[in-house]
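One structure, pasted below without further comment.
Throughout, protein chains are lettered first and strands after them, A, B, ... in sequence-line order, and every chain is numbered starting at 1. Both backbone and side-chain heavy atoms feed into the values below; hydrogens, waters and symmetry mates do not. Remember, it's a predicted structure, so these values are computed and weren't measured experimentally.
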Amino acid sequence: MQITVTDDFNLDKIIKSGQCFRAEKLVDGKYRFITGKHMVHILPIAPFLYEVDCSKNEWNSIWHTYFDLDTNYKKIRESIDNADVYLQKAAEYSKGIRILRQDSFEMLITFIISQRKSIPAIRDAINKLCIYGGEKIFHKNEEFLAFPTIETLHQMTIEELKSCSLGYRASYIQKTIDLLIQKQIHMNHWTNLSDEDLVEKLMEFPGVGIKVANCVALFGYYRVSRAPIDVWIDRVIQEVYEGNNPFTSYPVYAGIMQQYMFYYRREIGVQK
DNA sequence: GCCCAGGTGATTA
DNA sequence: TAATCACCTGGG
């Protein structure tokens with residue numbers, strides 16, 4: 001089936017934007033994404049035109065939402081303050097990035113693992129976790145692995161978790177899973193919480209500080225007002241904004257502005 | 001061998 | 001409140 005996307009949509013940039021760690025560009029030029037028990041391959045075939053290997057029904061019910069295609073990112077870029085030259089340049093360079101609507105539990109575990117790890121190391125650890133405990137799913141005769149369920153992770157010992165290159169994060173994961181089960185927390189019930197209450201709740205998990213909580217809120221709950229401040233963004237704040245947090249000027253879309261700055265700073269280094 | 005990688009939690013002053 | 005440090009592990 002073919003789909004048309006006229007708004008910002010660059011799959012390379014989305015994969016490299018650091019919000020997802022299981023998506024891949026394949027050797028045949030296709031991009032592969034996984035969410036829940038679904039997988040899709042997307043092949044760009046002409047400007048704005050893509051070939052996808054799922055039904056129209058699945059695209060509309062799963063992937064259209066996943067890629068946040070009802071949001072106008074061009075319009076969001078155009079809302080950037082003209083005086084904010086750095087963000088203007090960052091957004092122009094990074095246009096095509098979208099915030100994926102990912103699973104909140106997967107994001108919680110993923111970003112606990114992410115701390116003090118390089119992106120390839122995060123991908124490696126998540127991959128090992130899926131190999132260890134992910135359900136095998138078939139998509140058109142091709143097998144792939146879902147992200148492990150909370151029940152599966154609950155049954156893993158510390159040693160088994162550590163065998164997935166989690167290091168000291170293994171105990172964070174185990175304690176977080178224990179807390180979820182003991183308190184019978186349903187993370188998808190938290191969609192009604194305010195941004196502030198959500199982040200506060202997330203920070204009650206062991207191994208979740210303000211940075212990870214904001215990542216989970218932004219990528220797992222689509223809280224686009226949350227801008228996680230990591231080492232890269234902190235560099236930008238020091239180098240460009242004289243130590244002042246630039247996101248206070250963008251209360252609604254701070255998280256999207258953060259993505260533009262993060263990608264730009266990592267890709268091209270110090271620019272003012 | 002040394003340092004850093006999309007941090008957090010504990011300790012200290 | 002702010003500064004300092006240990007923590008697993010892989011890669012340059």
Side-chain angles (χ1 to χ4, degrees), chain A residues 12-23 87 90 93-94 97-100 102 104 106-132 153 156-180 198-221 223-241 243-247 254-270:
Chain A
D12 270 313
K13 293 180 188 175
I14 288 171
I15 286 178
K16 286 197 282 180
S17 68
Q19 58 176 309
C20 57
F21 301 95
R22 300 196 67 203
L87 182 53
Y93 184 87
S94 311
I97 292 176
R98 311 180 73 80
I99 304 295
L100 303 178
Q102 301 182 81
S104 50
E106 180 175 339
M107 292 300 99
L108 176 63
I109 302 304
T110 295
F111 282 97
I112 289 175
I113 291 171
S114 79
Q115 60 188 263
R116 296 297 295 175
K117 270 184 178 294
S118 64
I119 290 179
I122 299 166
R123 299 179 72 96
D124 181 58
I126 302 293
N127 189 42
K128 283 177 179 164
L129 212 48
C130 290
I131 290 171
Y132 201 99
L153 292 181
M156 289 175 71
T157 64
I158 279 286
E159 288 70 29
E160 289 170 326
L161 289 167
K162 283 188 174 173
S163 74
C164 298
S165 305
L166 303 192
Y168 63 88
R169 304 161 196 82
S171 65
Y172 289 157
I173 299 293
Q174 197 169 56
K175 288 173 186 166
T176 291
I177 300 285
D178 284 348
L179 200 61
L180 280 166
L198 174 63
V199 168
E200 193 176 313
K201 289 269 192 194
L202 289 168
M203 285 180 66
E204 289 176 11
F205 292 114
V208 178
I210 185 64
K211 189 274 180 182
V212 169
N214 275 322
C215 284
V216 178
L218 175 58
F219 303 126
Y221 289 90
R223 301 305 174 97
V224 289
S225 73
R226 306 303 300 195
I229 296 180
D230 52 59
V231 292
W232 293 97
I233 294 298
D234 196 47
R235 282 173 195 149
V236 171
I237 291 175
Q238 303 309 325
E239 292 161 2
V240 182
Y241 293 99
N244 300 312
N245 186 328
F247 301 113
I256 294 173
M257 305 310 173
Q258 186 269 11
Q259 284 287 281
Y260 291 148
M261 284 190 197
F262 176 79
Y263 183 79
Y264 183 62
R265 177 62 180 79
R266 278 180 56 101
E267 289 291 314
I268 70 159
V270 185

Exercise. Could you work out the separation of B:dC4 and C:dT4 based on their P atoms and round it to a whole Å?
Key: 15 Å
Contact list (N/O, under 3.5 angstrom) for nucleotides 1-7 of chain B vs protein:
from	atom 1	to	atom 2	distance (Å)
B:dA5	OP1	A:Arg235	NH2	2.5
B:dA5	N7	A:Arg116	NH2	2.6
B:dA5	N3	A:Arg116	O	3.4
B:dG6	OP1	A:Ile119	N	2.9
B:dG6	OP2	A:Trp232	NE1	3.4
B:dG6	OP2	A:Arg266	NH1	3.2
B:dG6	O6	A:Ser17	O	2.8
B:dG6	O6	A:Gly18	N	3.2
B:dG6	O6	A:Gly18	O	2.2
B:dG6	O6	A:Gln19	N	3.4
B:dG6	N1	A:Gly18	O	3.2
B:dG6	N3	A:Lys211	NZ	2.9
B:dG6	N3	A:Asp230	OD2	3.4
B:dG7	OP2	A:Arg116	N	3.3
B:dG7	N2	A:Tyr168	OH	3.0

Self-check item: Distance, rounded to the nearest Å, where A:Leu166 contributes CG and B:dT8 contributes P
Solution: 16 Å
Quiz prompt | Between B:dC3 and C:dC5 - P atom distance, rounded Å | solution = 13 Å
Quiz item: A:Ile173 CD1 to C:dC8 C1': how many Å, rounded?
Solution: 13 Å
Exercise. Decide yes or no on salt bridge (Lys or Arg N to Asp or Glu O under 4.0 Å) for A:Glu239 and A:Arg265, but give the supporting numbers first.
Key: CA-CA 11 Å; A:Glu239 292 161 2; A:Arg265 177 62 180 79; 3.0 Å; yes
Practice problem: Nearest 0.5 Å please: distance from the CE atom of A:Met261 over to the OG atom of A:Ser94. | Solution: 10.0 Å
Quiz prompt | Pair A:Phe21 + A:Phe111: ring centers closer than 6.0 Å | solution = yes
Quiz item: Tell me, which pairs form a side chain to side chain donor-acceptor pair (under 3.5 Å) where one or both residues lie in residues 160-169 of chain A, sequence neighbours left out?
Solution: A:Lys128-A:Ser165, A:Tyr132-A:Glu160, A:Thr157-A:Glu160
Quiz item: Should B:dT12 form a Watson-Crick or G-U wobble pair with both distances under 3.5 Å, which nucleotide is its partner?
Solution: C:dA2
Exercise. Taking the six-membered ring for Trp and the full ring for Phe, Tyr or His, determine whether the centres of A:Tyr93 and A:Tyr260 are under 6.0 Å apart.
Key: no
Practice problem: Keeping the roles fixed (side chain from A:Arg266, backbone from A:Lys16), state whether a donor-acceptor pair exists under 3.5 Å. | Solution: no
Quiz item: Roughly, in whole Å, what's the span from CD1 in A:Ile126 to P in C:dT9?
Solution: 16 Å
Quiz item: Which one is paired to C:dC8, where only Watson-Crick or G-U wobble pairs with both distances under 3.5 angstrom count?
Solution: none
Quiz item: When the distance from CD of A:Glu159 to P of C:dC8 is rounded to whole Å, what number comes out?
Solution: 13 Å
